[in-house]
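Throughout, a chain's letter reflects where its sequence line sits, starting with A, and its residues are numbered from 1.
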Amino acid sequence: MNKVWLIIQREFLNRVQKKSFLIATILVPLIIPAIIGGLVYVAIKESETAKAETVHVLDESKLFKFESNRQFTFVALDMPVEQAKKAYNETKDFGLLYIPAIDINKAEGIALYTKENPSIEKVSDLKGLLESQVHDLKLKEYNIDEATLKSLRPKVSMKQFNLTETGEEKSSNSGLLYGLGFALGILIYMFVLIYGIQIMQGVIDEKTSKIVEVIVSSVKPFQLMLGKILGIASVGLLQFTIWIVLISVLSSVSMGYFGTKLPQQQAMEQMNKSFVADPEMKEAANQQNGKVGDFLANAREIPFAKIAFTFVFYFLGGYLLYGALFAAVGSAVDSQQEAQQFQFPVTIPLLIGYLGLFMFILRDPHGPISFWLSVIPFTSPVAMVGRIAFGVPDWQLALSMILLVGGFFLTTWVAGRIYRVGILMTGTKVSYKVLAKWFMQKG
Amino acid sequence: MNALEARNVTKQYATHKALDSVSITIPEKTIYGLLGPNGAGKTTLIRIINQIISAEAGSIEIFGEPLQQKHVGIIGYLPEERGLYKKMKVGEQLLYLAQLKGLSRKDALARIKVWLEKFEVKDWWNKKVEDLSKGMAQKVQFISTVMHEPRLIILDEPFSGFDPVNAQLITEKILELKEMGSTIIFSTHRMETVESLCDHIALINKSKKILEGAKKQVKAQYKSNTFTIEHKGTFVVPGRYELVSQSITEDDHYSTVIKAPLGTTGNEVIRNIIELTEVHGFQEKLPTMADIFIGLVKGEGDEALKKHLLEV
């Protein structure tokens with residue numbers, strides 16, 4: 001065990017002391033918040049410019065009533081079309097909406113003039129406005145008054161609850177769970193793949209530099225393999241920890257800087273201020289607060305401790321399971337290029353878990369395929385962490401964990417048998433038959 | 001005591017037998033030559049001794065104890081295929097390898113210092129291996145093999161890749177280690193090395209040991225009782241001797257090779273022929289290790305070897 005510790009230390013220090021490690025560890029957390037910050041900045045700019053869209057309205061039918069909203073400011077005109085066009089052309093405004101004298105039963109000939117090609121979104125928003133007005137007008141024709149109209153369009157808010165077996169109600173938020181499952185699943189997928197390939201590369205290096213024969217004259221091949229896998233795991237854990245700390249610090253700093261300027265947030269703050277003063281605002285504010293409150297409550301409902309534990313477990317379990325296989329692949333070949341033919345079948349189950357995450361787990365976390373994906377050891381690391389936030393019955397979680405541990409022992413055992421022979425074989429043409437022979441070989 | 005005793009060691013691979021019931025005995029404090037053509041099974045045997053692979057059958061005792069994992073610390077191994085971590089510094093690398101052999105960090109540091117001084121390369125500590133020349137890297141590798149002062153040192157083709165100066169240096173160090181009490185196993189094809197350094201030899205061919213013993217005894221065993229006589233004027237070879245060859249060296253000077261019956265000493269031969277001709281030179285033809293090696297490997301048998309030895 002002492003020797004395994006020495007190997008772990010060497011693998012760890014050797015990698016951590018490299019410049020590339022330092023650069024990757026520091027650059028990634030800088031780049032990600034920069035991207036997030038950039039997107040937020042753009043979003044703010046977008047919402048700011050969106051406010052200023054002015055639309056000139058020439059309504060010859062005198063039927064429509066346009067109220068300016070956050071998206072559009074409407075300026076009513078009363079002049080001939082040609083003159084309106086000329087007038088619009090002299091401004092920098094978004095567009096000119098021309099409504100000829102029409103019959104609401106045949107709303108044709110409405111035209112939107114713009115200087116640039118407008119976005120589909122804005123056009124459809126305008127169209128929506130017109131449509132709903134025509135709709136209202138028609139209803140009026142059938143003698144339905146405005147009060148009835150309002151009551152015909154009630155606001156519905158639906159809360160989601162999970163009914164647990166004990167009958168306890170838990171509110172849930174699919175969007176939040178989706179995002180969490182998505183992020184955790186991808187993190188595990190990336191970690192296993194990136195560091196698995198590092199293990200493989202390390203084994204190939206030792207083999208091609210021929211140092212391996214010296215090492216295995218001092219330690220057992222299995223100890224060397226284990227030391228390498230664990231050493232690289234500790235590098236990965238350190239790197240991920242630094243990333244998470246740096247990213248969350250930098251993100252909250254950048255969000256703190258840009259985030260307060262988001263209009264929704266400003267509006268909410270104002271609402272909170274007027275909360276006591278204005279009784280009419282109270283209801284609206286309550287509703288808003290209710291939403292935010294729901295979100296926060298939902299976030300609180302998610303058992304983060306359990307998820308964190310599960311994440312770390314599958315993070316390590318998945319890494320160890322695949323790490324051993326990557327080590328075996330590295331031991332069998334003489335170069336990175338040669339490794340590809342064996343690397344592919346090793347990554348396939350991982351890829352299945354990854355694709356399953358999008359195709360099944362996040363869409364239907366409790367379906368039969370999701371169940372199997374999250375229980376079979378090769379796909380469970382990605383699948384289960386994607387699923388865990390949606391709530392997984394304890395027995396399934398336990399089964400999956402036991403199988404993962406079993407799977408890890410199995411792959412390590414299989415890989416160890418291939419590894420011990422493979423590392424001493426150079427210049428052999430390796431096929432699956434040869435691998436099987438190595439596996440069967442005694443001593 | 002014997003440094004190593006292997007009994008009936010057998011290693012079977014899927015398609016062939018790498019070692020077929022090989023037994024060798026390596027006396028302590030000797031330099032033992034493990035000879036044999038490529039693919040004979042030398043490396044397999046060495047790997048078994050190093051516990052890199054294990055044998056199907058047979059037993060190995062090292063300094064009187066059954067070979068176990070703990071013995072890796074008293075063995076130093078220089079494989080034929082040399083290798084070091086290219087990106088690692090010389091000092092760190094030696095420290096790591098010494099610790100893997102079981103030395104404490106403190107001991108390892110002290111030993112490495114001594115050995116770097118012995119090779120006059122103290123200032124290499126912070127050099128990366130990839131920045132060293134091949135010969136320099138070989139020195140580092142040699143140091144890594146012997147720095148923990150192992151009682152049993154196994155060197156697989158130790159001189160390949162060394163220039164004559166460094167080869168001489170390594171030879172000196174090997175002899176020094178022997179003086180200090182180490183036992184050295186040499187695996188090599190170079191017969192001149194065997195001739196000059198080895199005390200004992202074993203010859204392995206086609207997975208089987210076909211010859212083992214002290215170098216002197218082996219040579220005596222395979223001596224063919226042939227004598228070369230440089231003489232002036234011809235003579236009739238006495239009936240009990242067999243004429244092998246005769247050639248004229250100059251004018252009436254001849255070189256004659258005769259074969260005497262088993263057990264005939266050189267003195268007897270001289271006594272017999274001194275009356276017949278003017279003897280200028282006399283030498284018993286002893287086989288070289290190369291002769292024995294080639295003869296045995298080619299002919300696979302004592303008779304064939306003897307025939308070969310007569311021919312050369």
Side-chain angles (χ1 to χ4, degrees), chain A residues 1-15 17-21 201-224 227-228 231 334 417 419-428 433-443, chain B residues 9-15 18 43-44 46-57 69-89 92-105 108 129-130 137 140-141 144-145 148 150 152 154 156:
Chain A
M1 237 15 236
N2 189 26
K3 287 182 179 176
V4 176
W5 179 239
L6 279 171
I7 296 165
I8 292 174
Q9 272 182 316
R10 194 200 82 85
E11 294 290 341
F12 179 79
L13 290 175
N14 211 35
R15 287 185 157 73
Q17 285 165 356
K18 271 188 195 162
K19 277 190 198 110
S20 55
F21 175 83
Q201 188 57 52
V203 173
I204 293 175
D205 283 349
E206 272 174 0
K207 199 181 160 185
T208 51
S209 73
K210 313 274 197 252
I211 181 76
V212 71
E213 190 154 358
V214 175
I215 306 286
V216 294
S217 73
S218 301
V219 302
K220 288 182 188 152
F222 188 74
Q223 289 177 311
L224 177 60
K228 185 172 275 300
D334 293 336
R417 287 188 72 88
Y419 179 87
R420 89 214 137 112
V421 182
I423 46 169
L424 296 172
M425 298 281 181
T426 42
T428 346
K433 211 175 140 193
V434 173
L435 287 185
K437 210 186 281 169
W438 289 355
F439 173 72
M440 300 303 287
Q441 193 170 304
K442 285 181 205 150
Chain B
V9 172
T10 301
K11 177 71 185 176
Q12 177 76 50
Y13 285 116
T15 46
T43 302
T44 304
I46 286 173
R47 282 181 176 171
I48 289 171
I49 296 170
N50 276 302
Q51 300 176 74
I52 294 170
I53 53 177
S54 59
E56 258 91 64
Q69 193 62 33
K70 66 169 183 181
H71 291 120
V72 296
I74 61 167
I75 300 177
Y77 175 37
L78 181 73
E80 186 178 3
E81 303 260 29
R82 312 292 153 71
L84 295 163
Y85 287 110
K86 292 195 179 73
K87 305 269 177 202
M88 249 177 133
K89 286 173 184 166
E92 281 173 13
Q93 180 134 229
L94 289 173
L95 193 58
Y96 174 61
L97 293 174
Q99 282 179 289
L100 282 186
K101 279 289 180 192
L103 290 187
S104 71
R105 198 185 154 81
V129 171
E130 62 186 351
V140 174
Q141 186 113 41
S144 78
T145 308
H148 54 295
L152 182 64
I154 302 170
D156 202 346

* To do: Let me see the working for A/Val214 and B/Leu84 under side chain to side chain contact (heavy atoms under 4.5 Å, CB included), right down to the final yes or no.
  => CA-CA 9 Å; A/Val214 175; B/Leu84 295 163; over 6 Å; no
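- Among the candidates A/Ile215, A/Thr208, A/Val219, the residue making the largest number of heavy-atom pairs closer than 4.5 Å to chain B is A/Ile215.
- The OG atom of A/Ser209 sits 14.0 Å away from atom CZ of B/Arg82, with the distance rounded to the nearest 0.5 Å.
- Interface remark: A/Leu13 contributes no atoms to any contact with chain B (heavy atom separation under 4.5 Å).
- Residue A/Arg10 forms a side chain to side chain contact (heavy atoms under 4.5 Å, CB included) with just one option from B/Gln93, B/Met88, B/Gln99, B/Glu92, and that option is B/Met88.
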* Given the rule in the side chain to side chain contact (heavy atoms under 4.5 Å, CB included) test, do B/Arg47 and A/Leu424 qualify, once you have shown the distances and angles that lead to the verdict? -> CA-CA 10 Å; B/Arg47 282 181 176 171; A/Leu424 296 172; 3.8 Å; yes
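- Other residues, nucleotides and ligands place more than 12 heavy atoms under 6.0 Å from the NZ atom of A/Lys210.
- Side chain of A/Lys3 to backbone of B/Leu100: a donor-acceptor contact under 3.5 angstrom is found.
- Contact of B/Gln12 with chain A is not made at all, since no heavy-atom distance falls under 4.5 Å.
- Contact annotation for B/Tyr85: both backbone and side-chain heavy atoms come within less than 4.5 Å of a heavy atom of chain A.
- Between the side chains of A/Glu213 and B/Tyr77, at least one donor N or O sits under 3.5 Å from an acceptor N or O.
- Highest contact tally toward chain A, considering only B/Gln51, B/Glu81, B/Lys86, is held by B/Glu81 [criterion: heavy-atom pairs under 4.5 Å].
- One finds the CD1 atom of B/Ile49 at 12.5 Å from the OG atom of A/Ser217 (value rounded to the nearest 0.5 Å).
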